[in-house]
Novice: 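Before I ask anything, let me first share the structure, which is written out below as structure tokens.
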Amino acid sequence: MNFKYLLVPMLFAFGQLVNAQNFIGKVMEGQNKSPLEEAHVIPQKGSATYTDSNGNFQLTIPEDGTSMTISYMGYKTNQYFIVPNSEVKQFLLEEEPIEVNGVLVTGNAKIDPVFAVVTNDYVKKIVQPRNVADLFTDLNGFSLIKRGNYAIDPSFRATQYEQLNVQFDGGTKAMHACPNRMDPITTHVIPEEIEKIEIIKGPYTVRYGATFGGIVNMVTQKPGADDYGISGSVHAGYETNGNSLVSMARLQQATSTYDVVGNVGFRDFGNYEDGDGVEIPSSFRSLDYGLRLGYNLTENQRLQAHWRQSYGRDVLHAGLPMDTDEDNSSILSVDYSLDGLNGMVKGLDAKVYYSYVDHIMTNTLRPSFMMTEAISAIDAVTAGGKLELELKPTDKLTLFTGVDMLHIARDGERTRLVKRNMMGPLATPMEFTDKVWQDSYINDLGVFLEGKYPISDKTMMTVGVRYDGVTSEIQDPEADFAALYPDLDKRTEHNLSGTTSIKYALSNQFLMEVAYGRGVRSANMIERAINHFTVGQDSYEYIGNPNLDAEVNNQFEVGFKGKIPMQAKGFDQFNYSSSFYYSIYENYIVAVIDPTQTRKFMPTQQPVNPKVFRNLDNAYKTGFEVMAGIDFLTDFNFTTEMAYVYAKNKDLNESLPLVPPLVTRFKLAFEREKFWANANYTLTSTQNNIASSFGENTTDGYEVLDIRLGVVPFKNVTLGVAALNVFDVTYNNHLNFSFNNQADFGSVPINDPGRNLSAFVQYKF
């Protein structure tokens, strides 16, 4: 054999060995220089890897160098440019805890509430004018309850309304004044102001108020160390479907001692068209502004006050019997935090808040106005507070204990001027006054204790218990309501809830969770105090029941999530997660037709018999969410998600109401610092598992494609464009309300928007 023919491949192989693993690095925690195991290292050119138990990693990179990103949960993600080096290069990562008042999620997967998730950074990736719905549209397991384009409620795993503990900035609440929920808490928050949404997927913590089905915490922006000095931003956007305009301005001054943030936003949404070009009455205008003042008394002590007001005008509700003329809300919250203490007491957090909603609705633009002119002026007060101590009785055990309080009060009247009856016009119109809320209130005083204890280096156990004393009273009942409930008086309930869970972190690449939670929810004010009003998806009158027992959710859940580094060329990482849950309901609250009662208003109109809220015993719910995704070519990501819920009301032998169908999503994304794009393809299945007694009908499935692009063409300028419902599909979600009291529509579900093109610009300074 002629060895010269082997010389070239031998030299080539030797060159490859010389060049192999030509960069060695070490990743450490920035403050105490301890190594970080399993930090994710992703070179732009080359295969991704993880650090070992000593924080070390090795890479093979080109001779001319490459960019490299290092990320680790709870620490700032940094990017570096590296070249081959024979010496060990050290990289120090700085901690990046999420510091928001009353924060639910800290960024530490081992100690966060079980089954907790945090959404993407909404502020940095804005590419379209947003309504409240857009904050939840693409979240796995979430659906939307729409009555138009304004009064939108999130639904998670077929739990909604007060079954979800919805708040913002770690505890602040604003309850709706309208019995038809024209003004839920989501209408009192500027969507562009939301930085992220934190979610706990069940009753798996007792620290944030009584929780039945989960917690949704909308977190607004807060200045950080990088924002010191005067800075701000202005936004503007436009949507073609509805000729909708959005604008917002934000100005802040921040130092190490204090920070002041002010913002104002205006939205003018027109009637949108569905995929068939049918115009849906859904226009509205809103003005929001707020001021937040923060003062750092010491390095570990902060005081903050937040004042915000929101005004809705001329809001059309396609799925409700009336429209909103005015909706005015004011919210004030004050927060205090003290941490880093020595001794058993490690920290203290306190919050108080007060919100007031003034709501006016009329039927001026509705067909019923020809017979009866109606106007309702109602108000709602929500106030509350919380005091929590963090205790460290031993090196391992951490306890959170405290008290919280929630006060809800509502009152108001509906004035009806009857101008016609079945015989024709009345010579003298007759005026009637109806008590909407009957001057009612609910007080909830809670006491809680939650402990976290590491069974081992890889296993964390959480146990919590909570007591809620709930006092309610209807202080000014209508005569017929008092006759129906002759023993009407102040009532006190004693609710006990709790949770226990175990998190097992095999490594930074695999986490498993097992949990049980007992969530208890006393009846809300609609279920207690409504009196012959149409507040459902159907045309029935509803009657409250002040004697309802609290409903209980016994929820069991198991889940896991992880990531696998990939060695194949061009592929970086495989991500996956899943959750499987089963809920057994006790005293489930549902409205049932009562043949012994008759309609009060327009008594000859069908249906004659109203619905009365009752407790049912035999109900359950089960379902899952799964996700799988792959990071490839450094900047690309493909993800598929699926969510399914099945619920059964055994007493009525039908589904529980408002259960979403199977939803599958496919997402392809490309992301760099100055350019990003994504395409979301959503497949929603037919829903034929329905609650007939609730007025539900089978809903057809549909497929929708959304495309979004964003670019930073100049420093501090972001441009975004989006094409939503690209194929102009005509569809309605199963949870959408049906048209109600509309001249040009029958009682059919409201369709979602057809094709919608939008543009958005943001300037920061």
Side-chain angles (χ1 to χ4, degrees), residues 42 44 67 69 71 76-79 118-140 189-197 218-221 224 226-227 231-242 244-250 263 265 267 269 572 575 629-641 665-682 704-727 753 755-765:
I42 307 175
Q44 187 174 12
S67 295
T69 300
S71 63
K76 291 183 179 180
T77 297
N78 292 328
Q79 190 172 46
V118 184
T119 63
N120 293 330
D121 190 329
Y122 285 100
V123 175
K124 294 180 181 178
K125 300 301 181 184
I126 295 176
V127 297
Q128 68 182 91
R130 291 192 308 211
N131 197 358
V132 177
D134 298 300
L135 298 177
F136 298 95
T137 299
D138 296 327
L139 300 184
N140 200 25
V189 178
I190 305 174
E192 286 78 17
E193 190 185 10
I194 301 301
E195 187 173 42
K196 59 179 173 286
I197 298 178
M218 296 175 285
V219 181
T220 57
Q221 300 176 63
D226 297 335
D227 300 314
S231 60
S233 62
V234 290
H235 308 161
Y238 173 75
E239 288 185 348
T240 59
N241 195 344
S244 303
L245 295 170
V246 169
S247 58
M248 178 182 170
R250 173 184 173 91
N263 59 63
R267 324 176 73 76
F269 275 58
D572 304 320
N575 308 291
I630 188 168
D631 301 330
F632 61 99
L633 298 179
T634 306
D635 303 312
F636 286 87
N637 172 267
F638 176 77
T639 303
T640 181
E641 298 175 334
R665 294 183 175 91
F666 299 97
K667 303 178 181 180
L668 178 63
F670 172 85
E671 184 170 339
R672 286 187 177 176
E673 184 178 355
K674 294 188 176 182
F675 177 76
W676 57 94
N678 63 73
N680 293 346
Y681 187 61
T682 303
V704 176
L705 173 65
D706 299 329
I707 299 176
R708 300 176 177 90
L709 304 172
V711 63
V712 181
F714 314 106
K715 184 179 180 180
N716 300 331
V717 175
T718 301
L719 300 178
V721 294
L724 310 178
N725 192 358
V726 173
F727 299 123
R755 184 184 296 116
N756 189 11
L757 307 178
S758 70
F760 193 87
V761 60
Q762 176 179 254
Y763 173 69
K764 294 183 178 181
F765 57 90

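Not measured: the values here are computed from a predicted model.
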Novice: Can you measure from CD (Gln79) to OG (Ser67) and round to the nearest 0.5 angstrom?
Specialist: 5.0 Å
Novice: Considering the options Thr639, Ile42, Asn575, which one meets the side-chain contact (heavy atoms from CB on, under 4.5 Å) requirement together with Asp631?
Specialist: Asn575
Novice: Write down the atom of Pro753, the atom of Asn725, and the distance for their closest heavy-atom approach.
Specialist: O-ND2, 3.0 Å
Novice: Working to the nearest 0.5 Å, report the span between CG of Asn678 and CZ of Phe670.
Specialist: 12.0 Å
Novice: Just wondering, more than 12 heavy atoms not from Phe727 lying within 6.0 Å of its CZ?
Specialist: no
Novice: Residues two or more places apart in sequence or in another chain: which of them pass side-chain hydrogen bond (donor to acceptor under 3.5 Å, both in side chains) with Thr634?
Specialist: none
Novice: In terms of relative ring orientation, are Phe638 and Phe666 parallel, tilted or perpendicular, with 30° and 60° separating the classes?
Specialist: parallel
Novice: Measure the NZ-CZ distance between Lys715 and Phe765 for me, rounded to the nearest 0.5 Å.
Specialist: 14.0 Å
Novice: Rounded to the nearest 0.5 Å, what separates atom OG in Ser244 from atom OH in Tyr238?
Specialist: 8.0 Å
Novice: Looking only at non-hydrogen atoms, find the nearest pair between Lys667 and Asp138 and report the distance.
Specialist: NZ-O, 3.0 Å
Novice: With sequence neighbours left out, write down each residue that passes side chain to side chain contact (heavy atoms under 4.5 Å, CB included) with Val712, or none if nothing qualifies.
Specialist: Lys674, Trp676, Thr718
Novice: Okay, side chain of Asn263, backbone of Ala249: is any donor-acceptor separation there less than 3.5 Å?
Specialist: no
Novice: Do Leu719 and Pro713 make a side-chain contact, defined as non-hydrogen atoms from C-beta onward lying under 4.5 Å apart?
Specialist: yes
Novice: Would you say the side-chain atoms of Thr240 pair up with the backbone N or O of Leu757, donor to acceptor, closer than 3.5 Å?
Specialist: yes
Novice: Of all residues at least two apart in sequence or in a different chain, which pass the ring-ring contact (aromatic ring centres under 6.0 Å, His included) check with Tyr681?
Specialist: none
Novice: Any idea which heavy atoms bring Arg755 and Val726 closest together, and the distance?
Specialist: NE-O, 2.8 Å
Novice: Using a 6.0 Å cut-off, check whether atom CZ of Phe714 has over 12 heavy atoms from anything other than its own residue.
Specialist: no
Novice: Output yes when a side-chain donor or acceptor of Asn756 lies under 3.5 Å from a complementary backbone atom of Asn241, and no otherwise.
Specialist: yes
Novice: What's the shortest heavy-atom distance between Ile197 and Met218, and which atoms?
Specialist: CG1-CG, 4.2 Å
Novice: Locate the shortest heavy-atom distance separating Glu195 from Thr220; write the atom from each residue and the value.
Specialist: OE1-O, 4.1 Å
Novice: Any chance you could lay out the side chain to side chain contact (heavy atoms under 4.5 Å, CB included) test for Val246 and Phe269, step after step, and finish with the verdict?
Specialist: CA-CA 8 Å; Val246 169; Phe269 275 58; 3.6 Å; yes
Novice: With distance as the sole test, does Thr640 use its side chain to make a donor-acceptor pair with the main-chain N or O of Arg665 at under 3.5 Å?
Specialist: yes
